[in-house]
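Working notes, structure below.
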Amino acid sequence: MIEPQIPKGFRDFLPQQMMLRRDIMRTMSAVFERYGFVPLDTPCLEYARTLEGKYGEEGDKLIYRFEDRGGRAVALRYDLTIPLARVAAMYQLPRPFKRYQIAPVWRADKPQKGRFREFYQCDIDIIGESSACADAELLCVAHAVLQALGFDNYLIRINNRKILNALAERLGIDTARIPGFLRALDKLDKTGPGAVLRDMQAQGLLTGDAERIVREHLLAGGDNFEAVAALVSGSETGAAGLAELDLIARVLSADGVDGSYYKRDISLARGLDYYTGPIFEVVVTEPRIGSILGGGRYDGLIGLFTKQSMPATGISFGLERLVTVMEELGMHAQTNSLTQVLVTQFSDGLLEDGVRLAARLRQSGFNTELYPAPDKLKKQLSYAAARGIPAVVVLGPDEARDERATLKNMLTGDQAVLEQQHLAEAIRTMLS
RNA sequence: GUGGGUGUAGCUCAGCCGGAUAGAGCGCCAGGUUGUGGCCCUGGAGGCCGAGGGUUCGAACCCCUUCACUCACCCCA
């Protein structure tokens with residue numbers, strides 16, 4: 001006997017969980033399509049060189065990489081963005097190109113709460129449009145998806161790499177050290193200003209008057225976004241970044257997104273190296289699970305795969321995290337079955353009658369099961385009750401003799417004997 | 001990659017300083033009700049106490065090793 005096991009960080013999705021996941025994916029797809037996004041899929045396997053060097057030092061270590069039988073270096077996709085960039089470079093797509101993709105990605109990470117080695121991302125991206133209007137639309141979609149799923153307790157954090165770069169420049173931090181600067185800054189709401197300052201000092205980032213500026217503008221408390229904005233508005237990059245965020249706010253507001261759902265946040269940095277403009281993250285307050293969505297503009301990325309450079313922006317929902325939050329908050333009714341009607345089987349002699357009746361009910365549009373054996377009625381009713389099947393049709397010798405059947409409502413316990421030809425109508429009424 | 005925690009029935013767990021046939025609740029199966037679920041009552045099945053080694057008269061309990069799971073850090077969805 002082989003001990004049944006699955007690799008660490010990988011999971012089976014049993015029906016109960018699969019139904020929740022499927023519902024979330026359907027809701028998302030519907031919203032995506034309502035905003036004009038079209039579906040796309042790419043292989044799970046890419047050549048390693050396609051993925052490597054795109055995610056920063058930490059990211060590269062988490063790529064599942066191996067050699068195929070022909071000795072080629074291949075890798076499981078780490079996200080959906082790089083494969084999209086590859087696609088955008090390989091095909092002549094109409095632009096702006098708006099696609100969505102819901103698919104698993106793999107990271108050789110150590111699993112923990114809400115974090116797995118195989119997990120699903122749900123991405124929307126807009127390629128070929130440099131206006132921040134495109135970024136804003138992504139956030140409108142994000143908001144619409146979360147609303148459609150029943151979320152209310154979340155915050156869309158918005159920042160801009162241009163502003164951060166202008167800030168770094170103002171502080172005299174050279175380009176090579178910006179990632180470390182951002183990493184330190186990103187921890188502001190987690191570890192507090194003191195720790196951030198110490199981190200920056202330890203990295204030797206703060207020379208000249210930089211430390212004073214950081215203390216007074218970034219870590220002083222109050223509206224540090226405004227303070228930094230004032231600091232960088234003189235620089236061309238900084239001003240451009242600020243203008244983009246203004247445009248985004250205008251679009252969100254006009255789309256009817258309440259101001260309480262989003263916030264400009266100077267400490268949002270995002271880990272990936274490839275972001276160049278507006279960046280986003282959505283956090284939920286209740287289960288502390290990190291972000292449920294992340295993304296931003298990556299204008300330079302597609303240029304890595306083709307001479308023709310192309311602006312692009314995108315966001316990614318973490319399906320697992322949405323599921324975790326929805327489960328912990330009891331936001332979704334759990335079901336064990338999608339069956340609407342169970343036809344009981346009374347005895348061998350009534351087998352064909354049962355099959356025929358079930359077939360007719362299916363033709364009428366009901367998800368219908370015929371109980372698979374002539375067990376005791378008690379057992380058949382328990383089967384329906386345990387799965388939450390709302391309607392049971394009992395077809396015994398008495399009923400069969402004169403083309404009738406007993407319809408039982410499992411929620412109320414009510415039942416009635418009906419002509420078989422009136423069953424469908426009665427079930428429809430019962431289920432509505 | 002670093003550091004904690006936990007492994008006992010299908011599930012959630014109890015089992016005090018080592019002591020006899022290892023327990024509970026839930027679930028499952030059967031019966032009470034030979035054509036009726038949920039509630040109630042009765043009974044039943046189901047455990048190499050994660051694995052290996054050691055200490056001991058005696059180990060689920062103590063020690064070592066190992067594996068698995070889990071949480072946190074780093075980073076991220």
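Being a predicted model, the structure only gives us computed values, none of them experimental. Letters A, B, ... mirror the listed sequences (proteins, then strands); counts begin at 1.
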inquiry  = Over all strands shown, is V392(A) touching base, sugar-phosphate only, or nothing at heavy-atom distances under 4.0 angstrom?
reply    = nothing
*asked:* Is the phosphate of A77(B) approached by R270(A) (side-chain N or O, under 4.0 Å from OP1 or OP2)?
replied: yes
Taking G32(B), C76(B), G35(B) as options, the one with an atom nearest any side-chain atom of K376(A) is G32(B)
query = Can you tell me if the side-chain N/O atoms of K110(A) get under 4.0 Å from OP1 or OP2 in U2(B)?
reply = no
*Roughly how far apart, to the nearest Å, are G46(B) and C63(B) at atom C1'?*
33 Å
G15(B) and G50(B), which share atom name P, separated by this distance in whole Å: 15 Å
Task: Sugar-phosphate, base or nothing in reach of F116(A), heavy atoms under 4.0 Å - done: base
Between G54(B) and U12(B), how far apart are the P atoms? Round to whole Å, please. 32 Å
Under 4.0 angstrom, heavy atoms only, what part of the nucleic acid is L293(A) near: base, sugar-phosphate, or nothing?
-> sugar-phosphate
Pick the P atom in A22(B) and in C16(B), then give their distance to the nearest Å.
15 Å
task: Looking at every strand, decide which applies to Q380(A) at a 4.0 Å heavy-atom threshold: base, sugar-phosphate, or nothing.
output: nothing
>> Looking at R270(A), is its backbone amide N or carbonyl O close enough to the side chain of R161(A) to form a donor-acceptor pair, meaning the two atoms are under 3.5 Å apart?
In response: yes
K379(A) atom NZ is separated from U34(B) atom P, nearest whole Å, by 16 Å
- Query: Looking only at side chains, do E52(A) and Y78(A) share a donor and an acceptor under 3.5 Å apart?
  - Reply: no
To the nearest angstrom, the CG-P distance between D123(A) and C76(B) comes to 16 Å
Scan L411(A) against the nucleic acid and name what it touches under 4.0 Å (heavy atoms): base, sugar-phosphate only, or nothing. base
query: Quick one: does R183(A) reach the base of C74(B) with a side-chain donor-acceptor pair under 3.5 Å?
result: no
Assign G59(A) to base, sugar-phosphate, or nothing according to its heavy-atom contacts below 4.0 angstrom with the strands shown. nothing
Point to revise | Backbone of P104(A) reached by a side-chain donor or acceptor of R77(A) within 3.5 Å | key: yes
*Might you confirm whether atom CD of E425(A) has over 12 heavy atoms from other residues, nucleotides or ligands at distances under 6.0 Å?*
no
Testing the 3.5 Å rule here: is there a donor-acceptor pair between the side chains of Y55(A) and D79(A)? yes
Taking C76(B), C75(B), U36(B) as options, the one with an atom nearest any side-chain atom of R107(A) is C76(B)
The answer to which of T412(A) and A386(A) contacts RNA chain B further toward the 5' end, by nearest nucleotide, is A386(A)
Between CD1 of I389(A) and C1' of G38(B) the distance, given in whole Å, is 15 Å
Using Watson-Crick geometry (N1-N3 plus N6-O4 or O6-N4) or G-U wobble (N1-O2, O6-N3), each under 3.5 Å, A51(B) is paired with U65(B)
If only side-chain N and O atoms count, and only distance matters, is there a donor-acceptor pair under 3.5 Å linking R157(A) with S267(A)? yes
Answer for the Watson-Crick or wobble partner of G35(B), both distances under 3.5 Å, is none
When rounded to whole Å, the CG to P distance for the pair N336(A) and C28(B) reads 11 Å
**Prompt:** Does K187(A) put a side-chain nitrogen or oxygen below 4.0 Å from OP1 or OP2 of C73(B)?
**Reply:** no
Whole-Å distance, E281(A) CD to A77(B) P, equals 8 Å
For this session: Establish, yes or no, whether the cationic atom of R11(A) lies under 6.0 Å from the six-membered ring centre of F13(A) and within 45° of the ring axis.
Result: no
| task | Tell whether Q415(A) reaches the base of G37(B) with its side chain through a donor-acceptor pair below 3.5 angstrom. | result | no
*Is the aromatic ring centre of Y383(A) closer than 5.5 Å to the centre of the six-membered base ring of G37(B), with the two planes inclined by less than 30°?*
no
(Q) Side-chain N or O of K8(A) versus OP1/OP2 of C69(B): is the shortest distance under 4.0 Å? (A) yes
L377(A) atom CG is separated from G38(B) atom P, nearest whole Å, by 13 Å
Spacing of the P atoms in C62(B) and C26(B) (rounded, Å): 30 Å
Across every strand shown, the nucleotide meeting Watson-Crick or G-U wobble geometry with G25(B) (both distances under 3.5 Å) is C11(B)
Practice task
Have a look at D398(A) and say if it touches a base, only the backbone sugar-phosphate, or nothing, with a 4.0 Å heavy-atom cut-off.
Solution key: base
Salt bridge (Lys or Arg N to Asp or Glu O under 4.0 Å), that's the test. Do R115(A) and E320(A) meet it? Break it down for me.
CA-CA 8 Å; R115(A) 173 183 252 183; E320(A) 284 42 49; over 6 Å; no
Practice item. Can you tell me, in whole Å, how much space there is between the P of U2(B) and that of C74(B)? Key: 16 Å
query = With sugar-phosphate meaning primed atoms plus P, OP1 and OP2, does I292(A) contact a base, only sugar-phosphate, or nothing at under 4.0 Å between heavy atoms?
reply = sugar-phosphate
Worksheet item: Looking only at side chains, do E399(A) and T406(A) share a donor and an acceptor under 3.5 Å apart?
Response: yes
Scanning all shown strands, the Watson-Crick or wobble mate of G3(B) with both distances under 3.5 Å is C71(B)
Hey, does E399(A) reach any base, or is it just sugar-phosphate, or nothing, if we go heavy atoms under 4.0 Å? base
request  = Looking at every strand, decide which applies to K408(A) at a 4.0 Å heavy-atom threshold: base, sugar-phosphate, or nothing.
outcome  = base
Rounded to whole Å, the CG-P distance (D375(A) to G37(B)) equals 14 Å
Separation between the P atoms of G37(B) and U33(B), rounded to whole Å:
12 Å
### Query
Can you tell me if the side-chain N/O atoms of Q112(A) get under 4.0 Å from OP1 or OP2 in C71(B)?
no
When rounded to whole Å, the CE to P distance for the pair M28(A) and A77(B) reads 15 Å
Using a distance-only criterion (donor-acceptor N/O pair, under 3.5 Å, no hydrogens), is the base of U36(B) paired with the side chain of K378(A)? no
Same-atom distance (C1') from U70(B) to A30(B), integer angstrom: 38 Å
